[in-house]
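Numbering of residues begins at 1 and proceeds along the displayed sequence. Quick caveat: nothing in here was measured; it's all calculated off a predicted structure. We count ligands from 1, going down the list as the structure has it; atoms in each ligand are counted the same way.
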Amino acid sequence: MNNEKLSPIEIIKEKSDGLRGSLSASLTDNYTGTIRPDDEALIKFHGMYVQDDRDRRNERAEKKLERLYSFMLRLRIPGGVISSGQWQSIHEISQKYGTGTLKITTRQTIQLHGLLKHQLRPTIQGFLLAKLDSIAACGDVNRNVISSAHPQVSPLFEEIHAYADKISRLLLPKTQSYYEVWIDGEKIYERSAEADPLYQHRYLPRKFKIAIAIPPSNDVDVFANDLGLIAIIKEGKFRGFNIAIGGGMGATHGNPDTYPRLGTLIGFADTEEKILKALYEVITIQRDFGNRSDRKLSRLKYTLDRMGVENFVAELEKRTGFSLLPPEDYEFTERNDRYGWLKNHQNLWFYTLFVEHGVVKPYQKEFLHELSLLDISDFRFTCNQNLILGFISEEDKEKVVQLITKYGIEEKDSTLRKSSMACVALPTCPLALAEGQRYLPELVTKIEPLLEKHGLDKEEISIRMTGCPNGCGRPYVAEIGFVGTGPGQYNLMLGGDRLGTRLNQLYKKQLDESEILSELDTLFTQYTQEQLPNETFGDFTHRISFSA
Ligand code: SRM
Ligand code: SF4
C-alpha cells in the first residue's frame with residue numbers, strides 16, 4: 001500500500017530466502033572477521049549485530065588492519081525469566097566465548113559482546129541446548145516482549161506475565177532458517193512449510209516492540225513501546241488490557257521529522273482472543289501502511305501520526321471485526337525496582353539486586369553463578385537493567401543471605417544511583433556519539449554531593465543517559481535525561497515525570513560535565529526553595545521551565 005521507492009534493506013529482506021541470505025557462506029569465510037554487507041542486515045533477525053571495538057579503530061587503521069570485528073548477541077527472553085540452570089548455561093557460555101561480560105538490557109534480556117565469528121555457532125548451539133535462543137531479538141519483527149518484573153505487585157502476576165511468552169510465540173517469524181544457519185548450514189526445511197501470513201516476504205518496515213505493564217508499576221515504561229498493554233485488575237480478577245499504540249523513543253539530531261512519542265490509549269480488550277487479535281492486526285496495519293522507503297520514519301508512531309489515530313482505529317476495527325471498549329481506569333504509582341528482600345502472597349521471597357546499567361560486575365557474576373548451582377531461585381531481569389532472584393522458599397532464604405554476605409553484595413548505593421539507567425554506547429555501539437554506561441556512574445558520583453548539600457539525597461529522581469538520540473535507555477521519559485551529542489557533550493532534558501507518563505524536553509544543549517554540574521546545582525537550589533508540597537523534581541522543572 002506504500003508505493004514509494006523501497007529502501008535497500010527492503011530488497012535484502014525480500015531476496016533473503018527466509019532470512020538465510022548468504023549467512024552460511026559468510027560464516028565460513030576466514031579472510032575477514034565480519035560478514036557480507038547484506039548479511040549484516042539479516043543477522044539482526046537472528047539476534048546478532050556486527051560491531052567493532054571503537055576504542056581500537058585508530059590503532060588498527062594505523063597498522064593497516066581491518067577493524068577488530070566481533071558480534072553482539074541478544075537473547076530472546078519474553079518477560080525476562082530464566083531458570084537457575086539457564087543462568088548456569090549463560091554463565092558458562094560467556095566464560096568460553098566473547099569478552100566474558102554479561103549485560104542486562106533495558107528490555108529485560110541478556111547481551112553477550114565481543115563474540116568472534118567462529119564462536120557464533122557454538123555459542124548459539126550452547127544456548128539451544130539450554131532452551132534459549134536469540135530469534136527475533138533484533139530485526140524488523142516483533143522484539144522481546146517485556147513485562148512488569150516484580151511478582152509482588154499482584155497475586156495475579158503470573159497469569160498476566162504469561163502473556164509475554166504467549167505473544168512472543170504468536171509473533172515469531174515462521175522461517176526455520178535460524179536452525180539451519182546456526183546448527184550446520186545445511187538446507188533441511190521445506191520452504192513451503194515456512195509461509196508467513198504475518199511477516200510475508202518483507203517482514204515489518206521496522207522493529208516492533210510490545211510491553212505489558214502491571215499497575216501500580218510502570219517498570220516497563222509502557223508508553224515507550226509501539227504497543228503497550230496495561231493490565232486491568234478489578235475485584236481481585238484480571239479483566240483484560242488497555243491498549244496503547246505508537247510509543248517510541250528514537251530521534252535523530254537535526255532531523256525535525258523524528259521525535260520521541262508516548263503511546264496513545266485506543267481502548268480496552270477483555271478476552272484473550274480479542275487481545276491477541278487486536279495486537280496482531282495492529283501489526284498487520286503497520287506492515288501494510290508503514291513507511292518502507294525512509295527507515296528514519298518507519299516506526300509505528302509515524303504511521304499512526306500520518307494516518308491519524310481515528311483512521312488507524314477504524315482500520316483496526318475493519319481488520320479485527322470488533323470495536324475495542326473504552327479504556328479502563330488504572331493508576332501507576334511506581335517505576336523503580338523494589339530493591340532488597342520482599343515476599344509475595346505465597347510467602348515466597350524475592351531479592352532484587354542492583355546491577356548498575358545492567359553491567360554484571362565480576363563479583364556479582366561469581367555470586368550469581370554460585371547461587372545458580374544451588375538451584376533454589378529463578379532469575380528475572382527487569383527493564384531497569386536489574387536482576388531479581390525469584391521464588392525463594394523460607395528455608396532457602398538463609399542460603400542466599402549467606403552468599404550475599406560472602407560476596408559483599410550490599411545495599412550501599414545512593415538512591416540516585418539506583419534510579420539511574422544508561423545505554424551501552426562506547427566502545428561497541430556503532431551509533432554512539434558520546435559515552436553511556438561507562439560514564440554515567442562517574443557523573444552520578446559527582447551529582448551525589450550536590451544532592452546531599454541540598455538535602456535531596458533520598459529523592460528517587462530518575463536519571464538516564466544515552467550516547468545518542470536513539471533513546472535505548474529511554475532518556476526522554478526520565479526526570480533528568482542526558483542525550484549524547486558529541487564526545488563529552490550531552491543535551492540536558494528536563495521535565496519528565498517520575499512514572500514515565502510525560503516526555504521531558506530539551507532544556508540546554510551540548511553541555512560538558514562542568515556545565516551539567518553547575519546547571520543541576522542551580523536547579524536543585526531552586527527546587528528546595530520553590531518546590532510545592534510533594535512536587536517531584538520532574539514536575540518542578542516541568543512547571544518552571546515548560547508548563548507555559
Ligand atoms: Fe537500542 C539501536 C542497544 C533498547 C532504540 N540499540 C541499538 C544498537 C543495536 C545499535 C545499532 O543499531 O547498531 C545498540 C547496540 C549497542 C551495543 O553495543 O550493545 C542498542 N538498545 C540497546 C540496549 C542494549 C541498551 C541497553 O543498554 O540496555 C537495549 C536492548 C534492548 C533489548 O534487549 O532488546 C536497547 N533501543 C532500546 C530502547 C528501549 C526500549 O525498547 O524500551 C529504545 C527506545 C525505544 C524505541 O525503540 O523507540 C531503543 N536502538 C534504538 C534505536 C532507535 C529506533 C528508532 O525508532 O529510531 C536504534 C537505532 C536504529 O534502530 O536504527 C537502536
Ligand atoms: Fe547506541 Fe545510541 Fe542506543 Fe546508546 S542510545 S546504545 S549510543 S544507539
Side-chain angles (χ1 to χ4, degrees), residues 9 40-41 43-44 47-54 70-78 80 99 101 103-114 134 136-140 142-146 205-211 219-226 228 246-253 255 257-263 294-302 355-359 381-386 421-440 464-477 481-485 500:
I9 293 192
E40 280 193 28
I43 201 170
K44 294 182 186 176
M48 281 156 273
Y49 284 82
V50 182
Q51 300 186 322
D52 73 291
D53 186 341
R54 292 182 57 184
S70 67
F71 294 77
M72 175 268 274
L73 181 143
R74 185 182 287 165
L75 289 171
R76 179 181 68 93
I77 307 180
T99 54
T101 56
K103 156 86 184 177
I104 303 170
T105 74
T106 52
R107 295 191 73 77
Q108 70 185 163
T109 185
I110 286 278
Q111 281 184 187
L112 268 61
H113 285 95
S134 58
C138 324
D140 297 343
N142 174 59
R143 303 276 187 98
N144 200 37
V145 180
I146 56 176
R206 204 65 158 89
K207 59 177 82 168
F208 195 91
K209 298 184 175 178
I210 298 180
D219 54 345
V220 293
D221 275 325
V222 70
F223 296 112
N225 287 264
D226 295 277
M249 296 280 98
T252 305
H253 288 312
N255 182 344
D257 292 338
T258 64
Y259 45 84
R261 185 186 191 285
L262 292 184
D294 183 351
R295 289 180 65 80
K296 295 259 179 237
L297 303 178
S298 54
R299 292 293 291 273
L300 177 69
K301 60 184 173 182
Y302 303 116
V355 183
E356 197 168 17
H357 313 324
V359 182
F381 308 115
T382 81
C383 296
N384 291 312
Q385 303 172 304
N386 295 310
M421 230 158 79
C423 72
V424 181
L426 294 164
T428 51
C429 178
L431 309 176
L433 305 168
E435 295 282 352
Q437 70 188 25
R438 289 204 297 200
Y439 171 55
L440 187 57
R464 298 179 174 184
M465 173 177 279
T466 55
C468 85
N470 282 318
C472 299
R474 300 187 291 271
Y476 307 110
V477 280
F482 298 108
V483 176
T485 54

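Distances from atom 8 (C) of ligand 1 to the protein include no heavy-atom value under 4.0 Å.
Shown in contact with Lys103 at under 4.0 Å from a heavy atom are these atoms of ligand 1, numbered in order with element: 26 (C), 27 (O), 28 (O). Atoms of ligand 2 found under 4.0 Å from any heavy atom of Gly471 (numbered from 1 in listed order, with element): 5 (S). Distances below 4.0 Å separate heavy atoms of Lys209 from the following atoms of ligand 1: 36 (N), 37 (C), 38 (C), 40 (C), 41 (O), 43 (C), 45 (C), 46 (C), 47 (O), 49 (C). Those atoms of ligand 1 with a heavy atom of Met72 less than 4.0 angstrom away are 15 (C), 19 (O). Of all the atoms in ligand 1, the ones that sit under 4.0 Å from a non-hydrogen atom of Gly471 are 38 (C), 43 (C), 44 (C). Remark: ligand 1 atoms within the under-4.0 Å shell around heavy atoms of Pro430 are 13 (O). Under a 4.0 Å criterion applied to the non-hydrogen atoms of Gly248, ligand 1 contributes the atoms 48 (O). Annotation for ligand 1: atoms under 4.0 Å from non-hydrogen atoms of Ala422 are 27 (O). Interface of Thr428 with ligand 1, defined as ligand atoms under 4.0 Å from a residue heavy atom, comprises 17 (C), 18 (O). Every atom of ligand 2 is numbered from 1 in the order shown, and the set under 4.0 Å from a heavy atom of Gly467 is 4 (Fe), 7 (S). Close contacts between ligand 2 and Ala432 involve ligand atoms 7 (S) [criterion: under 4.0 Å to a heavy atom].
Rounded to the nearest 0.5 angstrom, Gln108 CD and Thr106 OG1 are separated by 10.0 Å.
The backbone N or O of Gly500 sits nowhere less than 3.5 Å from a side-chain atom of Arg474 that would complete a donor-acceptor pair. Of the possible donor and acceptor atoms, none in the side chain of Lys209 sits under 3.5 Å from a partner among the backbone N and O of Gly228. Under the 3.5 Å distance criterion, the side-chain polar atoms of Asp294 are matched with a main-chain donor or acceptor of Lys296. Tyr302 places no side-chain N or O within 3.5 Å of a backbone atom of Thr258 that could act as its donor or acceptor partner.
The shortest side-chain heavy-atom distance between His113 and Val424 falls under the 4.5 Å cut-off. At least one side-chain heavy atom of Ile110 sits under 4.5 Å from a side-chain heavy atom of Ile104. In this structure the side chain of Gln385 never reaches within 4.5 angstrom of the side chain of Val355, judged on heavy atoms.
Of the polar atoms of Lys207, at least one N or O is found under 3.5 Å from an N or O of ligand 1, judged by distance alone. Of the polar atoms of Ala137, none of the N or O atoms is found under 3.5 Å from an N or O of ligand 1, judged by distance alone. Taking any N or O of Arg107, backbone or side chain, at least one lies under 3.5 Å from an N or O belonging to ligand 1. Ligand 1 has a nitrogen or oxygen under 3.5 angstrom from a nitrogen or oxygen of Gln111. Checked by distance only, ligand 1 and Gln51 come closer than 3.5 Å through their nitrogen or oxygen atoms. Taking any N or O of Asn225, backbone or side chain, none lies under 3.5 Å from an N or O belonging to ligand 1.
Residue contacts to atom 1 (Fe) of ligand 2: Cys429 brings an N, O or S atom closer than 2.8 Å. Here Cys423 fails the criterion, with no N, O or S atom under 2.8 Å of atom 1 (Fe) of ligand 1.
At a 4.0 Å heavy-atom cut-off, ligand 1 touches Gln385 through the side chain alone. By the criterion of a heavy-atom distance under 4.0 Å, the side chain of Leu431, and not its backbone, is placed next to ligand 1. Neither the backbone nor the side chain of Gln108 comes within 4.0 Å of ligand 1, counting heavy atoms alone. Contacts between Thr109 and ligand 1 below 4.0 angstrom, taking non-hydrogen atoms only, involve the side chain exclusively. Contacts of Lys296 with ligand 1, taken as heavy-atom pairs under 4.0 Å, are absent altogether. Residue contacts with ligand 1 for Arg295 are absent, since no atom lies close enough (heavy atoms, distance under 4.0 Å). Contacts with ligand 1 closer than 4.0 Å are made by no heavy atom of Ala211, backbone or side chain. With a 4.0 Å cut-off on non-hydrogen atoms, Arg74 touches ligand 1 through its side chain and not its backbone. With a heavy-atom cut-off of 4.0 Å, Met249 touches ligand 1 through backbone and side chain alike.
Here the shortest heavy-atom distance to atom 4 (Fe) of ligand 2, taken over Ala422, Gly473, Cys423, belongs to Cys423. Between atom 3 (Fe) of ligand 2 and the options Cys472, Pro475, Gly484, Gly250, the minimum heavy-atom separation is to Cys472.
Asp140 and Arg295 are joined by a salt bridge, as a carboxylate oxygen and a charged side-chain nitrogen come within less than 4.0 angstrom of each other.
Side-chain contact, Asn225 with Arg107: a donor N or O sits under 3.5 Å from an acceptor N or O.
In terms of protein heavy-atom proximity, atom 2 (Fe) of ligand 2 is closest to Cys468 SG, 2.3 Å.
At least one heavy atom of His113 sits less than 4.0 Å from an atom of ligand 1. Using a 4.0 Å cutoff on heavy atoms, Gly436 does not count as a contact of ligand 2.
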### Task
Give the C-alpha distance, both sets of side-chain angles, the deciding distance and a yes or no for side-chain contact (heavy atoms from CB on, under 4.5 Å) between His253 and Val483.
CA-CA 10 Å; His253 288 312; Val483 176; 4.1 Å; yes
